[in-house]
Amino acid sequence: MKFYNTITQQKETFIPIESGKVRMYSCGPTVYNYFHIGNARPFIVFDVLRRYLEYSGYQVTFIQNFTDVDDKIINRSRDEGITPQELSEKYIKEYFIDADALGIERASAHPKVSEHMTEIIDMIKILEEKGLAYNVNGNVYYHVDNFPDYGKLSKQSIEDLKSGARVDVNDEKQSPLDFALWKKKKAGEPFWESPWGQGRPGWHIECSAMSKKHLGETIDIHGGGQDLIFPHHENEIAQSEGSCGKPFANYWLHNGYININNEKMSKSKGNFFTVRDIAKSFDLEVVRMFLLMAHYRSPVNFSEELLQQASTALDRFYTAKYQMAFLLDNATTDAATKAEQTWISSLDAYKTAFIKAMDDDINTADAIASIFELVRDLNSHLTPTSSKEAIIAGQKLFGELTGVLGLAVKEKETNLESEIEDLIAKRQAARKEKDFKKSDEIRDELLAKGIIIEDTREGVKWKRV
RNA sequence: GGUGCCAUAGCCAAGUGGUAAGGCAAAGGUCUGCAACACCUCCAUCCCCAGUUCAAAUCUGGGUGGCACCUCCA
């Protein structure tokens, strides 16, 4: 399998450090609010990557952190009149609610900054000993000029970065590119004891420290959004490689942005949507489908219309799944005929196409196309006379492929309110008497109650709007 | 100014040298009392110009247009 590696700027065959095992890290959310659709993309992308690696036989250790020590958290907790810890705990819970609805599995661990102060301080101490960090009045900065590889991920030279750097009002830094590793305590802020006095860590050091603790000095894959390339990931490299002298990550994977009207979604533009908001109008599986229908590195535009398209597309999966379940319930023969056996073997082609697409830098758009082709094949070949063996073969492959993408395609509800059941029965009676006016009226009434009626060759079926 | 990305049908989107996947929408058809579902059919020569090649959406050069990073942000 191949991945596009940001640091080499090309697709490379994936070779894990340890055969059969993958260690990956992805930057998680700063927990001060519900996360937005832009945050959701890397969560989904790297969840799919993790699932696919496991599907391919790797034993994956996947770490995604929670940033629970941060200016934004402190500020917001003041606004809400609670402690920063209370605020971050609250939004960690909310994160899991949305993540679950998006079909995002739990990482192997979700470490928190607040629980890794020892590791963070130890790493800063090493950097200081190596001459890569300096302490000014209790603020510790990374000395970028002393790390020759700085800029290797973002393809920027230190000189270029300096010329583009904003005039820095902070005269404590020796160079404008230097960044904070440890920030001196300010009144009213949470703090921890350290060799440099009371304070808290800078933003970048946490990922280096937690990655090292949970995954070791060199990891296989490091992921995140493209906007983390600089400075966050560049700084992580400086910290991790500067402190241990070994490569930090072998493969750097970065997902593209989500835009609104071709513009980046940002807090300052006020054009962002939280996942929680979207959940009011759409099942979040639609969001997952929408994002996976594009390649993870491409920028995607986001709009309600596009979500609606994805929703309709996803309905094809649901319809196929329910149809197979229906056919299996009503199947009368067990064993596949010879012709069916031939057909069952032919299904392998879809799996092969799916794997080929996923192997090529996680091309989920192409992989989904192969599932649509499978669905068409299933819809045209499975009939009320199909054997259970054939239907089960179809179900198995469909479930396997959608499962790798984390598309749950939830089981159909079986419980129908008795009131609805009565209406359906009345409508059937009216149809039997060819009283179509009445039957259509009942159908409209059911629709108003959120039930769509379909008269199929196999009988009446219903589904929720 | 430095760095990187993108431009494929009405909409979305794969495809990185061999003659344009898939989804949504629209149209025609089969099925159906009708509708819906499903299935069948139909729908593009790939921003422009030049070049390399037997062969280019795919490579090279030059344009044009758009986006992003260099500042907290996935």
Side-chain angles (χ1 to χ4, degrees), chain A residues 6 9 11 26-30 35-46 70-72 151 154-157 159-168 176-177 203 223-232 234 254-259 262-269 272 289-290 292-295 297-301 303 305-320 322-323 353 357 360 363-373 375-383 431 434-437 439-440 443-444 447 452-458 461-463:
Chain A
T6 305
Q9 296 177 287
K11 280 186 197 172
S26 179
C27 298
T30 301
F35 65 86
H36 57 70
I37 179 72
N39 297 308
R41 172 117 98 148
F43 301 157
I44 291 170
V45 164
F46 296 109
D70 177 85
D71 288 335
K72 294 187 286 279
S154 53
K155 310 304 166 196
Q156 305 269 349
S157 71
E159 287 313 306
D160 289 341
L161 285 166
K162 278 184 180 168
S163 67
R166 195 179 258 191
V167 178
D168 206 311
L177 294 180
W203 172 40
Q226 275 173 0
D227 60 343
L228 289 184
I229 294 173
F230 191 91
H232 186 56
E234 195 68 63
H254 292 98
N255 61 274
Y257 295 95
I258 289 184
N259 297 135
N262 288 316
E263 280 196 325
K264 184 180 173 178
M265 184 165 52
S266 68
K267 300 281 160 66
S268 54
K269 284 176 183 155
F272 69 99
M289 182 75 172
F290 166 69
L292 295 181
M293 282 172 78
H295 187 93
R297 282 189 287 117
S298 310
V300 296
N301 248 319
S303 72
E305 184 195 350
L306 295 172
L307 271 191
Q308 192 54 57
Q309 287 188 6
S311 178
T312 311
L314 185 58
D315 276 343
R316 278 178 68 76
F317 286 5
Y318 279 89
T319 305
Y322 297 162
Q323 175 68 0
D360 183 16
N363 192 336
T364 53
D366 227 1
I368 284 180
S370 71
I371 300 180
F372 276 112
E373 288 174 349
V375 163
R376 177 179 298 136
D377 201 339
L378 296 173
N379 285 339
S380 33
H381 282 87
L382 294 174
T383 69
R431 288 184 71 216
K434 303 226 183 287
D435 185 351
F436 298 123
K437 183 167 178 291
S439 71
D440 288 353
R443 182 163 63 194
D444 289 343
L447 184 61
I452 294 171
I453 289 297
E454 294 173 359
D455 302 318
T456 72
R457 309 165 207 51
E458 299 123 19
K461 292 183 183 175
W462 60 272
K463 65 181 180 186

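These numbers come from the heavy atoms of this one structure, side chains and all, not from hydrogens, waters or symmetry mates. Proteins get letters first, then strands, A, B, ... in listed order; numbering begins at 1 in each.
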If you measure from the C1' atom in B:C46 to the same atom in B:A57, how many Å do you get, rounded?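 Looking at atom C1' only, B:C46 and B:A57 are 4 Å apart.
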If I take atom [atom1] in residue [X] and atom [atom2] in nucleotide [N], what distance separates them, rounded to the nearest angstrom?
{"X": "A:F372", "N": "B:A38", "atom1": "CZ", "atom2": "P", "result": "11 Å"}
{"X": "A:E454", "N": "B:A38", "atom1": "CD", "atom2": "P", "result": "8 Å"}
{"X": "A:I371", "N": "B:A14", "atom1": "CD1", "atom2": "C1'", "result": "14 Å"}
{"X": "A:R297", "N": "B:A13", "atom1": "CZ", "atom2": "C1'", "result": "15 Å"}

Considering just the side-chain nitrogens and oxygens of [X], establish if one lies under 4.0 Å of OP1 or OP2 belonging to [N].
{"X": "A:R376", "N": "B:G23", "value": "yes"}
{"X": "A:N363", "N": "B:A14", "value": "no"}
{"X": "A:S298", "N": "B:A14", "value": "yes"}

Can you tell whether the side chains of A:D455 and A:R431 come within less than 4.0 Å, N to carboxylate O?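 Salt bridge present between A:D455 and A:R431.
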Report yes or no: is there a donor-acceptor pair, N or O only, under 3.5 Å between the side chain of [X] and the base of [N]?
{"X": "A:Q156", "N": "B:C70", "value": "no"}
{"X": "A:R443", "N": "B:C34", "value": "yes"}
{"X": "A:D455", "N": "B:C34", "value": "yes"}
{"X": "A:Q309", "N": "B:G23", "value": "yes"}
{"X": "A:R316", "N": "B:A38", "value": "no"}

Quick one: label A:K155 by what it contacts on the DNA or RNA (base, sugar-phosphate, nothing), any heavy atom closer than 4.0 Å.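 Here A:K155 touches the backbone only, sparing every base.
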